[in-house]
Amino acid sequence: STSAAETGDVKAVPATAGATPAPAAGTSALPAPAPSTAEPAKTAAAPAAPAPAAATPPAAPSPPTRHRPGSRSGPLTVALDGTGDYAKLEEALVDARSGAVIRLSGGLHRLSRPLDISLPVKLQGDGRNTTVIVGDGEGYVMRFLGKGTFELHDLAVEHQGVRWARVVIVEQGTVDFRGIKVSGGVRDQAGKRGGEGLLLQGDVDGMVTASEFTGNQLHGIKLAGKARPSIEGCTCRANGKVGIAWFDDAGGVARGNSCSSNGQYGLAVVDKAAPRLIGNVCADNRRGGLFLESGKTSGVSDNRCDLFRGKK
């Protein structure tokens, strides 16, 4: 937790009733001198006040917060009203060890900077419309870099502001995301970066279920590298380009998802990606429901999505 020395906060200590005040600094407690008949000396002029110190230039932006394993497995509680073990998520992660469960109360949990998590933990909220983790930094709100399972349950992760950012990034390991909402990804058009709600890249597996990805300027969910999770029962709507997009050698399965009102397609499969698409519904996407760059339909069944083939 943040110390008073780090924040600059200093608590005043109340004086004890009836105590004699201590002499001021630089003086001593001497008896009063005997009265004198001599003419009192003239009082010397007070010294001039010191010149004000030069203003300190603003500090450079802080790097992402990185957390290593602590000593507590939990459950640890983060409550904004001070009734929990911690008041901030970053503080709980300092003490958490692998496999810890961190429960977040309802309300807006604001991050001071982009958050890197390097150990498998579970973040449990009170509902995606109640518990919201918010960041406004550049690059991302939250990134998982470790091995093992990273769990997000019943909470929202949101990026606010104009800085380019993905919202949640997972670079390896296993995901277990249930009942979450991810929104606010900002695209840097000139730099061609950012804008995804959830980016799964590298060797990532696991499951994303019953979750919502909305209002991201690029894709609701992007899978790249060898990511191969199951995405089931999710809603991906009102994203700038695609609801769910697969690139590179990504795979896995998408089953029973609803993708609507996206700027290009509900679902898109490009490069060598080969997911199984089963029972998904696409509606009111600007260019079409399902984009298959290769034109191959193996593993695609029972979807209610208009098919758009890129190559034949």
Any donor-acceptor N/O pair, Asn285 side chain to Asn262 backbone, under 3.5 Å: yes
Gap between atom CD of Gln264 and atom NZ of Lys241 - 0.5 Å precision: 5.0 Å
Gap separating the CG atom of Leu119 from the OG atom of Ser98, nearest 0.5 angstrom: 5.0 Å
Contact summary for Gly263 and Arg286, nearest pair of heavy atoms: O-CB, 3.0 Å
Any side-chain heavy-atom pair of Leu292 and Leu307 under 4.5 Å: yes
Same cluster (ILVMFWY, side-chain, under 4.5 Å), Leu76 and Leu152: yes
Heavy-atom check, side chain of Leu290 versus side chain of Leu277, under 4.5 Å: yes
Test item: side-chain donor near acceptor, Asp205 and Thr174, under 3.5 Å: yes
Short side-chain to backbone donor-acceptor contact, Asn216 and Gly240, under 3.5 Å: no
Contact check, side chains of Asp116 and Arg143, non-hydrogen atoms, under 4.5 Å: yes
Non-hydrogen atoms of Ile169 and Gln201 that approach each other most closely: CG2-NE2, 4.0 Å
CA sep, side-chain torsions, deciding dist, call: Val78, Asp85, side-chain contact (heavy atoms from CB on, under 4.5 Å): CA-CA 6 Å; Val78 179; Asp85 300 314; over 6 Å; no
Minimum side-chain heavy-atom gap Leu267-Trp246 below 4.5 Å: yes
Heavy-atom check, side chain of Phe291 versus side chain of Val269, under 4.5 Å: no
Residues Glu90, Leu111; criterion side-chain contact (heavy atoms from CB on, under 4.5 Å); working and verdict: CA-CA 8 Å; Glu90 294 102 322; Leu111 302 177; 3.8 Å; yes
Main-chain N/O of Asp81 paired to Thr83 side chain as donor or acceptor, under 3.5 Å: no
Salt bridge Arg193-Asp188, side-chain N to carboxylate O under 4.0 Å: yes
Sidechain-backbone polar pair: Gln172 side chain, Leu145 backbone, donor-acceptor under 3.5 Å: yes
Joint cluster assignment, Ile133 & Val175, ILVMFWY side-chain distance < 4.5 Å: yes
What donor-acceptor contacts under 3.5 angstrom involve side-chain atoms of residues 222-231, with partners at least two apart or in another chain?
from: Arg228; atom 1: NH1; to: Asp203; atom 2: OD1; distance (Å): 2.6
from: Arg228; atom 1: NH1; to: Lys226; atom 2: O; distance (Å): 3.2
from: Arg228; atom 1: NH2; to: Asp203; atom 2: OD1; distance (Å): 3.0

Donor-acceptor under 3.5 Å (Arg103 side chain, Thr77 main chain): no
Met142 to Leu123 - nearest heavy-atom pair and separation: CE-CD1, 4.2 Å
Under 3.5 Å donor-acceptor, Gln217 side chain and Arg187 backbone: yes
Of all pairs that satisfy disulfide (SG to SG under 2.5 Å), the ones with a partner from residues 225-302, not counting sequence neighbours: Cys282-Cys305
Option passing side chain to side chain donor-acceptor pair (under 3.5 Å) with Asn257 (candidates Thr209, Asn280, Thr235): Asn280
Sidechain-backbone polar pair: Asp302 side chain, Gly279 backbone, donor-acceptor under 3.5 Å: no
Any donor-acceptor N/O pair, Thr131 side chain to Ser105 backbone, under 3.5 Å: yes
Closest non-hydrogen atom pair between Lys122 and Gln124, with its separation: CE-OE1, 3.3 Å
Interatomic distance, Leu198 atom CG to Ser183 atom OG [nearest 0.5 angstrom]: 12.5 Å
Enclosure of Asp306 CG (heavy-atom neighbours >12, cutoff 6.0 Å): no
Which atom of Gly137 lies closest to which atom of Ala165, heavy atoms considered: O-CB, 3.9 Å
Residue pair Glu196 / Leu218: nearest heavy atoms and the distance that separates them: OE2-CD2, 3.6 Å
Min side-chain heavy-atom separation Glu158-Val167 under 4.5 Å: no
Pairwise distance NZ(Lys88) to OG(Ser112) - rounded to 0.5 angstrom: 6.5 Å
Linked, directly or transitively: Tyr140 and Val132 (ILVMFWY side chains, under 4.5 Å): no
Non-hydrogen side-chain atoms of Leu93 and Leu115 separated by less than 4.5 Å: yes
Whether Phe150 and Phe177 hold their rings parallel, tilted or perpendicular, with breakpoints at 30° and 60°: perpendicular
N/O donor-acceptor pair under 3.5 Å between Arg163 side chain and Asp136 backbone: yes
Close side-chain approach of His219 and Phe247, heavy atoms under 4.5 Å: yes
Verdict with reasoning, Ile180 to Val157, per side-chain contact (heavy atoms from CB on, under 4.5 Å): CA-CA 8 Å; Ile180 68 172; Val157 186; 5.9 Å; no
From CA spacing to verdict: side-chain contact (heavy atoms from CB on, under 4.5 Å), Asp126, Leu104: CA-CA 7 Å; Asp126 285 342; Leu104 291 90; over 6 Å; no
Ion pair Glu212/Arg237, N-O distance below 4.0 Å: yes
